[in-house]
Peer 1: 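Could you have a look at this structure, given as structure tokens, before my questions?
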Amino acid sequence: MDLVFPHHENEIAQARAAGDGFARYWLHNGWVTMGGEKMSKSLGNVLSIPAVLQRVRPVELRYYLGSAHYRSMLEFSEPALQDAVKAYTGIEDFLHRVRARVGAVVPGHWTPRFAAALDDDLSVPIALAEIHSARAEGNRALESGNHETALARAGETRAMMAVLGCDPLDDRWETRDETSAALAAVDVLVHAELERREAARAQRDWALADEIRDRLKKAGIEVTDTADGPQWSLLDGDKK
């Protein structure tokens, strides 16, 4: 927002002088601040993107920086960055679980509330709230065995995240991390334990069944008994 004049006028002039057109819409975003001050080379309070990317993945940083309204200031802090990482991985884990249990998740269509939020001066924070609402509903449907609803909410989630350039199942993001492969490996191991637990329950060996469940819980894995059999999910503090 501090580059409205003359920097942007010069950019337009250079582009047109080169024979190119220019953007029809140009939005001036607020600053990224640290300690209440604008990040500036002259102040020395700048962050190196490569250094930040040693702590988080590129898509997680993109999600964080794009989560504020473009007219607002974004106060950078490590706790806020980690909160954004947690929110993004919650969406990512949901999509991976649906794909593992139900099948391929094809992008659907964004919801009316998501579209209304972006039509209202690009209200990305409200749009993100709608994405998390779809994720929460999809998680509940998955745990209750309503696979059709879970798949529908997952498709909507992919479509909405794609608009923001952060679809976790997009090739450009998924190929840069090993989350999907790691979850697949964990899924095999957990299901082996769940089979042992089911066998123990069938033999009315409740002590062994509880022991297996408690061991999984200590490993950060919650078991939910559903009409489709036991299901598991990661305990991330944001499960709904």
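Any value given below was found using the heavy atoms of this structure, including those in side chains, with hydrogens, waters and symmetry copies removed.
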Peer 1: Above 12 or not: heavy atoms from other molecules or residues under 6.0 Å from CD of E148?
Peer 2: no
Peer 1: Could you see if I126 belongs to whatever hydrophobic cluster contains M73? Use Ile, Leu, Val, Met, Phe, Trp, Tyr and a side-chain cutoff under 4.5 Å.
Peer 2: no
Peer 1: Taking the side chain as every heavy atom from C-beta outward, state whether L128 and S67 have any atom pair closer than 4.5 Å.
Peer 2: yes
Peer 1: Check the pair E193 / V190 against side-chain contact (heavy atoms from CB on, under 4.5 Å), numbers first and verdict last.
Peer 2: CA-CA 5 Å; E193 285 292 278; V190 172; 5.5 Å; no
Peer 1: If we ignore hydrogens and angles and just use 3.5 Å, is the side chain of R158 paired with the main-chain N or O of V105 as donor and acceptor?
Peer 2: yes
Peer 1: Flag yes if I91 and V163 sit in one hydrophobic cluster, no otherwise; membership is Ile, Leu, Val, Met, Phe, Trp, Tyr, and two members link when side-chain heavy atoms are under 4.5 Å apart.
Peer 2: yes
Peer 1: Is there a side-chain contact between L81 and V52 (heavy atoms, below 4.5 Å)?
Peer 2: yes
Peer 1: Could you please spell out the steps behind the side-chain contact (heavy atoms from CB on, under 4.5 Å) verdict for L216 and R197?
Peer 2: CA-CA 11 Å; L216 290 173; R197 179 172 175 265; 5.8 Å; no
Peer 1: What's the shortest heavy-atom distance between F76 and E78, and which atoms?
Peer 2: CE2-N, 4.5 Å
Peer 1: Has D120 got a side-chain atom pairing as donor or acceptor with S123's backbone, closer than 3.5 angstrom?
Peer 2: no
Peer 1: Roughly how far, to the nearest 0.5 Å, is CZ of F114 from OG1 of T157?
Peer 2: 10.5 Å
Peer 1: Are the side chain of R213 and the backbone N or O of V223 linked by a donor-acceptor pair below 3.5 Å?
Peer 2: yes
Peer 1: How many angstroms lie between CD in E37 and CD in E75, if you round to the nearest 0.5 Å?
Peer 2: 10.0 Å
Peer 1: I need the minimum non-hydrogen distance between P230 and L194, along with the two atoms involved.
Peer 2: O-CD1, 4.1 Å
Peer 1: Out of curiosity, does M161 fall in the hydrophobic cluster containing Y64 (side-chain heavy atoms, cut-off under 4.5 Å, transitive links)?
Peer 2: no
Peer 1: Tell me, with the steps shown, if D121 and R71 meet side-chain contact (heavy atoms from CB on, under 4.5 Å).
Peer 2: CA-CA 9 Å; D121 196 26; R71 295 181 187 271; 2.8 Å; yes
Peer 1: Do L65 and Y70 sit in one hydrophobic cluster, given that two such residues count as connected whenever their side-chain heavy atoms are within less than 4.5 Å of each other, even indirectly?
Peer 2: no
Peer 1: Which pair of heavy atoms, one from Y88 and one from C166, lies closest together, and at what distance?
Peer 2: CE1-O, 3.4 Å
Peer 1: Between E143 and R140, does at least one N-O distance fall below 4.0 Å, as a salt bridge requires?
Peer 2: no
Peer 1: Quick one: does any side-chain atom of W173 pair with a main-chain N or O of G165 as donor and acceptor, under 3.5 Å?
Peer 2: yes
Peer 1: Apply side-chain contact (heavy atoms from CB on, under 4.5 Å) to residues R172 and D167 and explain how you reach the verdict.
Peer 2: CA-CA 9 Å; R172 62 177 168 167; D167 175 12; over 6 Å; no
Peer 1: If hydrophobic clusters are built from ILVMFWY residues whose side chains come within less than 4.5 Å, do L74 and L53 share one?
Peer 2: yes
Peer 1: Taking salt bridge (Lys or Arg N to Asp or Glu O under 4.0 Å) as the definition, give me every residue that meets it alongside R153, ordered by chain and number, with sequence neighbours left out.
Peer 2: E137, E156
Peer 1: Determine the minimum heavy-atom distance between A134 and M160, stating which atoms define it.
Peer 2: CB-CE, 4.0 Å
Peer 1: Take a 6.0 Å sphere around CG of L27 and say whether it holds more than 12 heavy atoms from other residues, nucleotides or ligands.
Peer 2: yes
Peer 1: Distance from I212 atom CD1 to D205 atom CG, nearest 0.5 Å?
Peer 2: 8.5 Å
Peer 1: For a 4.5 angstrom cut-off between non-hydrogen side-chain atoms, does H96 reach L169?
Peer 2: yes
Peer 1: I need the minimum non-hydrogen distance between Q82 and V56, along with the two atoms involved.
Peer 2: NE2-CG1, 4.0 Å
Peer 1: Rounded to the nearest 0.5 Å, how far does CZ of R97 lie from CG of L142?
Peer 2: 7.0 Å
Peer 1: Rounded to the nearest 0.5 Å, what's the gap from CD1 on I131 to CG on L164? Could you check?
Peer 2: 5.0 Å
Peer 1: Between R215 and E211, is the closest basic N to carboxylate O distance under 4.0 Å?
Peer 2: yes
Peer 1: Are T111 and E130 linked by a side-chain donor-acceptor pair shorter than 3.5 Å?
Peer 2: yes
Peer 1: Inspect the surroundings of CZ in R113 and state if more than 12 heavy atoms from other residues, nucleotides or ligands are less than 6.0 Å away.
Peer 2: no
Peer 1: As an exercise, state the distance from CG of L122 to OH of Y25, rounded to the nearest 0.5 Å.
Peer 2: 11.0 Å
Peer 1: Looking only at heavy atoms, what is the nearest atom pair of V124 and G66, with distance?
Peer 2: CG1-O, 3.2 Å
Peer 1: Name the atoms and distances for all side-chain donor-acceptor pairs under 3.5 Å in residues 11-22, with sequence neighbours left out.
Peer 2:
{"from": "Q14", "atom 1": "NE2", "to": "N10", "atom 2": "O", "distance (Å)": "3.4"}

